[in-house]
K.L.:
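Below is a structure I'd like to ask you about.
When a ligand or atom number is given, it counts from 1 through the structure's own listing order.
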Amino acid sequence: MEQHIGLITRGINNIYTVQEGDTSYLCRIKGKQLSQIEEEYNPLAVGDRVYFVPTNGEEGLVLSRLERKNSFQRWNAKGGTNQTVVANMDLIVCVTSSDTPPFRPRFIDRVIACSRNVEVLIVMNKCDILLTEDEYERFVLYKKLGYSILGVSAKTGENLDRLSALLAGKLVAFVGQSGVGKSTLINKLLHVEQRTGEVSEKYNRGRHTTNHALMLKGPNFTIVDTPGVREFLVPHTEKSELLHAFPEFTPYASQCAYEGCLHQDEPGCRVKQAVEEEAIHYDRYESYLRMLASLDEKKPQWMGKNERSNSWHARYERDESQEY
Ligand code: GDP
Ligand code: ZN
């Protein structure tokens, strides 16, 4: 049977929509190999490319996954395992807001840590509401660290043309905390530059908030909307892997007394000294320490169900709610 290559545009209950050109196939996964990837909550994510065979009509079977060039992964506390939310994106857009919910830089820090080998754009929605001076300072810090930032307002339309230009030609995933205005923003973006009479349906997740990622075609870009969340927990990884999300540590890290220093309590830690000297923002450092600690507390399911601490998640949630 002839093998085809397709793109996963949706996945619900192990039924995947695989797109090839203009045709979509509803596919299951063939056999056990791919469906038994133990280290992951879901074997396939929106954005994955797969080999598949059409069976009858517009149904098919997925045979295998092509290698991922990048991913956005989070820790799924319920499943006790990592979960790939999207793969192979050109850009991750982290939508945040200046108010209701309040600006939460540590949420952004975690989004950056969950993004592996993919560029992150930080969008501050509701910029019609001003940030405090401290918040503004923490926000523009991302620019100094090398991330793109942009203030927009889905309400007034401010900078939506600039955002749209940054998305041109790309496959982008929008991630964000519930309430930041992600749906309102996506709805506006899908209509920007659409000047002909053909008006697409108003896009709104509305009350029936779905728990899966959705791929939506814009005028000259494609958006993957991911479910709004309360929090992203960083995936289970090697501790040193977290450092990719803290590029400002790098120039100091090479001067630490210990090779492989994790910049916690090690003597002669140059990173910690840089925090004391205010060369590294203390809140970014604090953010790092929290993520590091969270890695100690999570035990993947495949490392033995009985060893897992049940109280961890509840404790973590409590900590987080006191954060700001
Ligand atoms: P989501 O949960 O992130 O999808 O958020 P929604 O799109 O449902 O928006 C949450 C609330 O924020 C709604 O009441 C919106 O009207 C409001 N909102 C969205 N964008 C803006 C904005 O740019 N400025 C202001 N002031 N409110 C906004
Ligand atoms: Zn150190």
K.L.:
Tell me, do P101 and V180 make a side-chain contact under 4.5 Å, heavy atoms counted?
P.N.:
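A side-chain contact exists here, since the closest heavy-atom pair is under 4.5 Å.
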K.L.:
Do the ring planes of H4 and F52 sit parallel (below 30°), tilted (30 to 60°) or perpendicular (above 60°)?
P.N.:
tilted
K.L.:
Taking atom types as modelled, is there a side-chain donor on R116 or H244 under 3.5 Å from an acceptor on the other?
P.N.:
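Their side chains do contain a donor-acceptor pair, which is all the 3.5 Å distance test asks for.
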K.L.:
Distance under 4.0 Å to a non-hydrogen atom of T184: what atoms of ligand 1 satisfy this?
P.N.:
6 (P), 7 (O), 9 (O), 19 (C)
K.L.:
Mind checking whether F249 and H263 have parallel, tilted or perpendicular rings, split at 30° and 60°?
P.N.:
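Correct class here is perpendicular.
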K.L.:
Can you name the side chain to side chain donor-acceptor pair (under 3.5 Å) partners of R68, sequence neighbours left out?
P.N.:
E40, D48, T84
K.L.:
Classify the contact between V95 and ligand 1 as side chain, backbone, both or neither, using a heavy-atom distance cut-off of under 4.0 Å.
P.N.:
neither
K.L.:
Just jot down the ligand 1 atoms closer than 4.0 angstrom to any heavy atom of I129, in number order.
P.N.:
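Near I129, meaning under 4.0 Å from one of its heavy atoms, ligand 1 has 26 (N).
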K.L.:
Please state whether S178 comes within less than 4.0 angstrom of ligand 1, counting heavy atoms only.
P.N.:
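Yes, S178 has heavy atoms under 4.0 Å from ligand 1.
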K.L.:
Is L145 reachable from V140 through a run of I, L, V, M, F, W or Y residues, each pair having side-chain heavy atoms under 4.5 Å apart?
P.N.:
yes
K.L.:
Any idea which atoms of ligand 1 are less than 4.0 Å away from a heavy-atom of D128?
P.N.:
22 (C), 23 (O), 24 (N), 25 (C), 26 (N)
K.L.:
Should the proximity of T156 to ligand 1, defined as any heavy atom under 4.0 Å, be assigned to the side chain, the backbone, both, or neither?
P.N.:
neither
K.L.:
Look only at interatomic distance and state if C127 has a nitrogen or oxygen under 3.5 Å from any nitrogen or oxygen of ligand 1.
P.N.:
no
K.L.:
Test: ring-ring contact (aromatic ring centres under 6.0 Å, His included). Region: residues 128-187. Which pairs qualify, not counting sequence neighbours?
P.N.:
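Listed once each, the pairs would be none.
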K.L.:
Using ring centroids (six-membered ring only for Trp), state whether Y16 and Y25 fall under 6.0 Å.
P.N.:
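Ring-ring flag for Y25/Y16: false, centres at least 6.0 Å apart.
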K.L.:
Between ligand 1 and G179, can you find any atom pair, the residue atom being a heavy atom, that is separated by under 4.0 Å?
P.N.:
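Flag set, G179 near ligand 1.
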K.L.:
Any N/O of A154 closer than 3.5 Å to an N/O of ligand 1?
P.N.:
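Yes, there is a polar N/O contact under 3.5 Å.
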K.L.:
Residues two or more places apart in sequence or in another chain: which of them pass side chain to side chain donor-acceptor pair (under 3.5 Å) with Y252?
P.N.:
none
K.L.:
What I want to find out is whether R270 reaches E277 closely enough, with some N-O distance under 4.0 Å, to be called a salt bridge.
P.N.:
yes
K.L.:
Do S98 and K126 have side-chain N/O donor and acceptor atoms under 3.5 Å apart?
P.N.:
no
K.L.:
Distances under 2.8 Å only: what protein N/O/S atoms are near the Zn ion (ligand 2), ordered by chain and residue?
P.N.:
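Within the sphere that stays under 2.8 Å of the Zn ion (ligand 2), the protein atoms of type N, O or S are C256 SG, C261 SG, H263 ND1, C269 SG.
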K.L.:
Considering only heavy atoms, which of M124, K155, E158, K126 lies nearest to atom 17 (C) of ligand 1?
P.N.:
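Of the listed residues, K126 has the closest heavy atom.
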